[in-house]
Protein chains: 2
Amino acid sequence: MREYRHPQITEVQLESVLYALSDPIRLSIVRQLAREGEASCAALENGRPKSSVSHHFRVLREAGIIKTRNDGTSRINGLRDNELAEVFPGLLPAILAVRS
Amino acid sequence: MREYRHPQITEVQLESVLYALSDPIRLSIVRQLAREGEASCAALENGRPKSSVSHHFRVLREAGIIKTRNDGTSRINGLRDNELAEVFPGLLPAILAVRS
DNA sequence: TCTATAGTTCGATATAATTCGAACAATAGC
DNA sequence: GCTATTGTTCGAATTATATCGAACTATAGA
């Protein structure tokens, strides 16, 4: 599959990040990535339809929160936490510190 | 007018806060409140229809981000920043630190 | 009491997001 | 090449949000 387009971290919008993280499913995906590091989409599906999960990954990716790379038939997702810390210092840690 | 219902700070949902702040108009209201302290709704209208602005204040209030009290014919709004810091430490400061 | 001021609420419309099945695409392994 | 595995994309239905005019409520002040 083709590569994804990830926004430059400098063009990431605060509003888009907040919106992306305001969805419980997406927030739980981000929490899981924070706990476990990288993960495939399948590892984060939790029984939901693949198309729905794929949609949420897209929102997170386009908001600049995760990066996705190809590995065989899998996509490996990871947080862009270091980059986010450059433009929104403290934001992701503050969110992840909240009891799930 | 009757009093508003404000959620207890302990029942405020992180997702609701993030959602409320993901709207540019609401975020700008919050930034303005952070800069100037308390303000009436009218002071934050910026030429928008009153009914639209009222809607955004409601979203912010129900999310637990602002408190509103009556003062004559005006409502005075203020951030619940101290309370929010108890449940989501560092969140609001991280958001407000971002260049508008 | 009359009028102005400040917001809320209602209702209708328009726009956007979510959800998920079905079809499709890309890779790995036999 | 065939098949299984992983996801993506499309399309359609449902749901949620935003927007804003109009009617309404509540208070202040003359």
Side-chain angles (χ1 to χ4, degrees), chain A residues 1-7 13-30 32-33 36-78, chain B residues 1-7 13-30 32-33 36-78:
Chain A
M1 254 162 203
R2 64 186 173 293
E3 294 294 314
Y4 300 94
R5 270 186 321 201
H6 297 85
Q13 304 268 25
L14 175 62
E15 288 89 336
S16 308
V17 169
L18 297 178
Y19 179 77
L21 296 176
S22 73
D23 180 273
I25 296 175
R26 290 193 292 261
L27 187 54
S28 83
I29 288 174
V30 167
Q32 216 165 326
L33 285 176
E36 306 172 10
E38 296 190 316
S40 68
C41 297
L44 301 165
E45 276 177 7
N46 283 95
R48 301 179 178 279
K50 296 196 302 178
S51 53
S52 300
V53 175
S54 184
H55 162 73
H56 288 304
F57 273 102
R58 173 134 84 129
V59 174
L60 288 170
R61 190 161 47 236
E62 294 182 346
I65 297 170
I66 64 171
K67 58 181 174 308
T68 308
R69 64 169 210 275
N70 293 330
D71 179 28
T73 61
S74 296
R75 325 279 155 252
I76 307 295
N77 304 282
Chain B
M1 255 163 203
R2 65 189 174 290
E3 294 294 313
Y4 299 94
R5 270 185 322 200
H6 295 86
Q13 303 267 34
L14 175 60
E15 288 89 337
S16 308
V17 170
L18 298 178
Y19 178 77
L21 296 177
S22 73
D23 179 273
I25 295 175
R26 291 193 291 262
L27 186 54
S28 83
I29 289 174
V30 167
Q32 214 165 327
L33 285 176
E36 305 171 11
E38 296 189 315
S40 68
C41 297
L44 301 165
E45 278 178 5
N46 282 96
R48 300 180 180 279
K50 295 197 304 180
S51 53
S52 300
V53 175
S54 185
H55 162 72
H56 289 303
F57 273 101
R58 174 134 85 126
V59 174
L60 288 170
R61 192 182 312 119
E62 293 182 347
I65 297 170
I66 64 172
K67 55 182 176 309
T68 308
R69 63 169 211 276
N70 293 330
D71 179 29
T73 59
S74 296
R75 324 283 155 250
I76 307 294
N77 304 284

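All values derive from a computational prediction rather than experimental measurement. By convention in this document, chain letters (A, B, ...) are assigned in the order of the sequence lines, proteins followed by strands, and residues within each chain are numbered from 1.
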Do any N or O atoms of the protein come closer than 3.5 Å to N or O atoms of nucleotides 2-4 of chain D, and which pairs are they?
none

query = What residues, two or more places apart in sequence or in another chain, satisfy side-chain contact (heavy atoms from CB on, under 4.5 Å) together with B/Pro7?
reply = B/Glu11, B/Val12, B/Arg80
For [X] and [N], give me the distance from atom [atom1] to atom [atom2], rounded to whole Å.
X       : N      : atom1 : atom2 : value
B/Glu3  : D/dT25 : CD    : C1'   : 14 Å
B/Asn46 : D/dT19 : CG    : C1'   : 16 Å
A/Asp23 : C/dT18 : CG    : P     : 6 Å
A/Ile25 : C/dC20 : CD1   : P     : 8 Å
A/Glu45 : C/dG21 : CD    : P     : 12 Å
B/Leu21 : D/dT17 : CG    : P     : 15 Å
B/Glu15 : D/dA16 : CD    : C1'   : 17 Å
B/Phe57 : C/dG7  : CZ    : P     : 8 Å

message = A/Ser16: which residues meet the side-chain hydrogen bond (donor to acceptor under 3.5 Å, both in side chains) condition with it, sequence neighbours left out?
response =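 Partners of A/Ser16 by the side-chain hydrogen bond (donor to acceptor under 3.5 Å, both in side chains) criterion come out as none, since no residue qualifies.
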Residues 55-67 of chain A side chain polar contacts: donor-acceptor under 3.5 Å, at least two apart:
unit_1: A/His56; atom_1: ND1; unit_2: A/Arg26; atom_2: NH1; d: 3.1
unit_1: A/Arg61; atom_1: NH1; unit_2: A/Thr68; atom_2: OG1; d: 3.0
unit_1: A/Lys67; atom_1: NZ; unit_2: A/Leu79; atom_2: O; d: 3.0

Just compare [options] and give me whichever is closest to any side-chain atom of [X].
X       : options                : result
A/Tyr19 : D/dA18, C/dT18, C/dT19 : C/dT18
B/Ser74 : C/dT19, C/dT18, C/dA6  : C/dA6
B/Cys41 : C/dT8, D/dG7, D/dA18   : C/dT8

Identify all pairs in which a protein N or O lies below 3.5 Å from an N or O of nucleotides 9-11 of chain D, and state each distance.
unit_1: D/dT9; atom_1: OP1; unit_2: A/Arg2; atom_2: NH2; d: 2.6

query = At what distance, to the nearest 0.5 angstrom, does CG of A/Asp71 lie from CG of A/Asn77?
reply =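 One gets 11.5 Å once the value is rounded to the nearest 0.5 Å.
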query = Which distance, rounded to the nearest 0.5 Å, do you find between the OG of B/Ser28 and the CD of A/Glu15?
reply =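 One finds 9.5 Å between OG of B/Ser28 and CD of A/Glu15.
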Which atom pairs, one a donor and one an acceptor, fall under 3.5 Å between side chains of residues 37-53 of chain A and the rest of the protein, sequence neighbours left out?
unit_1: A/Glu38; atom_1: OE1; unit_2: A/Arg69; atom_2: NH1; d: 3.1
unit_1: A/Glu38; atom_1: OE2; unit_2: A/Arg69; atom_2: NH1; d: 2.7
unit_1: A/Ser40; atom_1: OG; unit_2: A/Ala43; atom_2: N; d: 3.2

request  = Name the residue closer to the 5' end of DNA chain C, choosing between B/Asn77 and A/Asp71 according to the nucleotide with the nearest heavy atom.
outcome  =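 Upstream on the strand: B/Asn77.
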key: Any B/Arg75 side-chain nitrogen or oxygen under 4.0 Å from OP1 or OP2 of D/dA26   =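 The answer is no; no side-chain N or O of B/Arg75 sits under 4.0 Å from OP1 or OP2.
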query = Looking only at side-chain N and O atoms, does A/His56 come under 4.0 Å of OP1 or OP2 in C/dA17?
reply =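 False: A/His56 side-chain N/O out of range (4.0 Å or more) of C/dA17 OP1/OP2.
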